[in-house]
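Note that the structure is predicted; figures quoted are calculated from it, not measured. Only this structure's heavy atoms are used, side chains among them; waters, hydrogens and symmetry mates stay out.
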Amino acid sequence: SYFSDKTILITGATGFIGKVLLEKILFEIPQIRKIYVLIRPNKEKNVKDRLQQEIISSKIMDRLRDRYGEQFENWIS
């Protein structure tokens, strides 16, 4: 209940631990208001591409995809 209607910031979300943390928060605390994810561009990808390819499309998000079905993309944005 502490995180209910709170906003948080996560750094390092494209890394292994960051993805696990982000998925766990999204799955276990759906009443959180908003999560900001700090992502730096790298030589190959801009921030938007990294977000889509390294986080949203990651297999770690499968539980959330199953929970939200076709609404997953809208919900996560």
Side-chain angles (χ1 to χ4, degrees):
S1 66
Y2 173 79
F3 287 104
S4 180
D5 206 33
K6 301 276 184 175
T7 299
I8 62 171
L9 169 70
I10 298 178
T11 62
T14 57
F16 177 76
I17 299 297
K19 284 185 226 178
V20 171
L21 174 66
L22 179 60
E23 190 276 343
K24 183 77 170 169
I25 290 170
L26 290 170
F27 192 82
E28 298 290 332
I29 314 170
Q31 65 273 22
I32 201 160
R33 182 190 325 156
K34 191 173 282 192
I35 299 175
Y36 289 98
V37 180
L38 184 63
I39 302 172
R40 293 181 296 157
N42 64 20
K43 292 179 182 180
E44 295 93 32
K45 299 176 190 166
N46 63 34
V47 171
K48 196 172 190 179
D49 290 342
R50 287 191 76 195
L51 174 65
Q52 181 62 42
Q53 295 170 7
E54 297 178 28
I55 297 175
I56 295 173
S57 297
S58 176
K59 246 179 132 32
I60 192 110
M61 296 295 174
D62 284 351
R63 279 196 318 172
L64 292 165
R65 265 189 220 87
D66 291 344
R67 176 184 275 178
Y68 294 101
E70 293 178 8
Q71 299 301 315
F72 174 74
E73 293 287 332
N74 289 333
W75 175 82
I76 198 131
S77 64

Output for pair (Tyr2 OH, Ile29 CD1), nearest 0.5 Å, gives 11.0 Å

Atom pair CD1/CG of Ile55 and Leu22 - distance to nearest 0.5 Å: 6.0 Å

Looking only at non-hydrogen atoms, find the nearest pair between Leu26 and Arg67 and report the distance. O-NH1, 4.2 Å

Residues which pass salt bridge (Lys or Arg N to Asp or Glu O under 4.0 Å) with Glu28, listed by chain and number, not counting sequence neighbours: Lys24

Report, one line per pair, each donor and acceptor closer than 3.5 Å where one atom sits in a side chain of residues 9-20; sequence neighbours left out.
| residue | atom | partner | partner atom | Å |
| --- | --- | --- | --- | --- |
| Thr14 | OG1 | Arg50 | NH2 | 3.0 |
| Lys19 | NZ | Glu54 | O | 3.2 |

Measure the CZ-CD distance between Arg65 and Glu73 for me, rounded to the nearest 0.5 Å. 7.5 Å

Residue Phe27 excluded, over 12 heavy atoms near CZ under 6.0 Å: yes

Decide if atom CD of Glu70 counts as having more than 12 heavy atoms of other residues, nucleotides or ligands within a radius under 6.0 Å. no

Spell out, yes or no, whether Val47 and Leu38 are grouped together once hydrophobic residues are joined by side-chain heavy atoms under 4.5 Å, including indirect joins. no

Are Lys59 and Asp62 packed together at the side-chain level, in the sense that at least one heavy-atom pair is separated by less than 4.5 angstrom? yes

About how many Å separate CD1 of Ile8 and CD1 of Ile32, when rounded to the nearest 0.5 Å? 4.0 Å

If you define the side chain from C-beta out and look only at heavy atoms, does anything of Leu64 sit under 4.5 Å from Trp75? yes

SB check Arg63 Asp66 (cutoff 4.0 Å): no

Which atom of Asn46 lies closest to which atom of Lys48, heavy atoms considered: OD1-N, 3.2 Å

